[in-house]
There are 4 protein chains.
Amino acid sequence: MRRISCFLSSSSTLERATNLKDSFWLSSQRGISTSGPDLVNDGSSSVRRYANFTVYKGKAALAVSPCLPTFREVDAGVSRVHKKGGVLLTFWPAVGQMKYDWQKKQAIALSPTEVGSLIALGPADSCDFLHDPAMKSSLEGQVKKSLSISPMKDGTGYVLHFTVVNNVQKTNERFVVPVTKAEFTAVRTVLSYVLPHIMGWTQAARPQPRSTVTDKPKEKTEVRPDPSVEWGR
Amino acid sequence: MRRISCFLSSSSTLERATNLKDSFWLSSQRGISTSGPDLVNDGSSSVRRYANFTVYKGKAALAVSPCLPTFREVDAGVSRVHKKGGVLLTFWPAVGQMKYDWQKKQAIALSPTEVGSLIALGPADSCDFLHDPAMKSSLEGQVKKSLSISPMKDGTGYVLHFTVVNNVQKTNERFVVPVTKAEFTAVRTVLSYVLPHIMGWTQAARPQPRSTVTDKPKEKTEVRPDPSVEWGR
Amino acid sequence: MRRISCFLSSSSTLERATNLKDSFWLSSQRGISTSGPDLVNDGSSSVRRYANFTVYKGKAALAVSPCLPTFREVDAGVSRVHKKGGVLLTFWPAVGQMKYDWQKKQAIALSPTEVGSLIALGPADSCDFLHDPAMKSSLEGQVKKSLSISPMKDGTGYVLHFTVVNNVQKTNERFVVPVTKAEFTAVRTVLSYVLPHIMGWTQAARPQPRSTVTDKPKEKTEVRPDPSVEWGR
Amino acid sequence: MRRISCFLSSSSTLERATNLKDSFWLSSQRGISTSGPDLVNDGSSSVRRYANFTVYKGKAALAVSPCLPTFREVDAGVSRVHKKGGVLLTFWPAVGQMKYDWQKKQAIALSPTEVGSLIALGPADSCDFLHDPAMKSSLEGQVKKSLSISPMKDGTGYVLHFTVVNNVQKTNERFVVPVTKAEFTAVRTVLSYVLPHIMGWTQAARPQPRSTVTDKPKEKTEVRPDPSVEWGR
């Protein structure tokens, strides 16, 4: 079964940043910046930790990394998800064995729902993601990203085809990365782990401090979902 | 296979609140109020964080959000689950493309067991939940909520039918929300994550402080399960 | 397929306590005693939180609760799992609709491996656990506990049969608890969550403080696994 | 289906340590050293906690334990994964019933991808891991480790065959450990739990302190993946 997702979500702002400002690490830093456990011992210092999952193949390298959502205070002591998180897939073309062109990277940010379709991907399933990172900007329609994931004929894994067509820069870049069943299972496992994080549920599900258990909510904290940030078919 | 759950649990108190006091955010606030990590740095402030998973469809919007259990101290330094948590499904009718009537929302709170039936739902399975949010109150039997989840014929997802019949207000509201396989997988993943939270296991499973390892329990802390809050068939 | 596990592990000490000292809550307290998040704010107080998953059926009630492992310091600043954790299943006989005899409870503690067999249980699978809670004591062989889990013929769930034969007290108690597919899925989900906890991996997998990263281990901290506490077939 | 993984990764440095310095506990200590929850109560002390999953069989014993990654500060307040974590499998030969030769242990460290292949292992699947722990050292090719996992004919579990051929010490050691379906499910469950830990995602996915939300990343913190530490086929 082939599912097609035409996803034009807030996460595409990550890609826009990635494209226009080549700030992959800005994105992923904002995504996975963190205070290490040391913070508990020493509130005065904060260490940001980065991690990803990278596979190095013959034609390209692929790095998968989480982007946490950001929260914005909407009222005194009350914050909600401001920018949804996602999972960033970054590709680099190979220029030799174990050599890659780190300048020519291209990235696509998957939304929580797209992460769900990866988690649900069966051995014989395929899926496609079509993104317009410049959506709702003056460049809308000028950049098209297409990620296609198809099963290998011998059932030993999947092949990722990622294409970025940029009509502004007149570029058309293609990346092909085969992933083994073992690599995909490792990715699927961490995606299942990280999905509640990028959706903000891990922070929302924390126990409330005893002192606020009986607090009454303020009406003005009623926050309505915003359809403009996501449109499902 | 079609399973029918006639669940009349404590979680329905959430729905009663939702109905009679239109306090969806009160419920979810009580559910997911939280002290952010900042609390570790600054014990004097507490930030509540909210998160949900929302899909916007042609006829209605659906938001899924967790409601944590509340603990009550039953003895000095000993607390147990006082009110069980759940997962709240809130529906809004569409009044135009990407426009929804935020005042006409209706919600149903799923118990841990009902969450289990969603997690167990196979591609060809269906399930129904019938709730009386006013149970054990003077309004018992006056409000009927029915949530039905059925697979799409083409196997690409599920369709949720939610009906609220209120004999007091003489209203009969219907909501229809199709969810893709990817969206349902995202929901199933976060439901699996949040289930131990709404059951209180994440707080109960925390390591005990060294100082209390050798403490003897007090007999009066023996707490018997209360059948009145839950009745399984 | 019917699997038989004759498990005579350290977790049976929990059962012995449960039998001889009727200290279910002692066990589960030791198991799930915890310092609430408040502890972060106020190191002077410690709140223990309890949680379980209980189903109330016509003939008996069943409560599932986690028992965390205990750690013992084997060297300065070095501790290892001293007593393995488990999952406690407690049964109460019904004495009327929604009425149960809380004094006549019987419990069986499942080891991590037995929890694994529950997680792996397929729709058509069965499993049996045979315990001698008094093993290696003067009462060895006097008390036999047998838990049998079989699928319902209509595939809508499982039936648990729990029998405790006590030759000392000349008693033979039987409990029968049917669980729906939804209830079993909820249990399976929290068992998957809690398994790393009862095995001690959640505490072992925590990041080490920066200050000790370069510490060299002391030879005398080499700890050999102890076959006497567990014997697999 | 039989998959063969010829994995020569950074994790093999763990094995080299294990071989040449017999420092299994050094490895696993570095891996799972941790500050217990006590640290929250008493910042002045740090307790390291160890845990593993061990099965004792007729011919050998097998212990599975996690090895966390180490982070190195690459810029002020910015650290990234320095050494990838893994899962260590340690074998001891039996010298009698419930007696094992603790001196003759041999270990193999599985990479995140290899852990993924274990998680993905179906009832009828097999997999093989071939390691050269001395890779890129003067001893390269002198030591060969081979771990083979095959399903039992009756479908009740798997059999692990582990062979270490050491041309320097002129030794050839073989270990055979059958694991039941229940034991493998327990292992698979904790491997799924620990995979995000050994990949560093659990530390990377932590919320950032409020004070650093608006911090701009420093360009020099751009960190390129290093193909030399991992080479996928």
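Reminder, nothing fancy here: chain letters follow the sequence lines and each chain counts from 1.
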Self-check item: Nearest heavy atoms of D:Trp201 and A:Phe53, plus distance in Å
Solution: NE1-N, 3.9 Å
Exercise. Let me know if D:Val81 has heavy atoms under 4.5 Å from chain A in its side chain, its backbone, both or neither.
Key: both
Quiz item: Non-hydrogen atoms of chain D under 4.5 Å away: do they reach the side chain of A:Val177, the backbone, both or neither?
Solution: neither
Quiz prompt | Contact residues of residues 184-198 of chain D (partner chain A; heavy-atom separation under 4.5 angstrom) | solution = D:Ser192, D:Leu195, D:Pro196
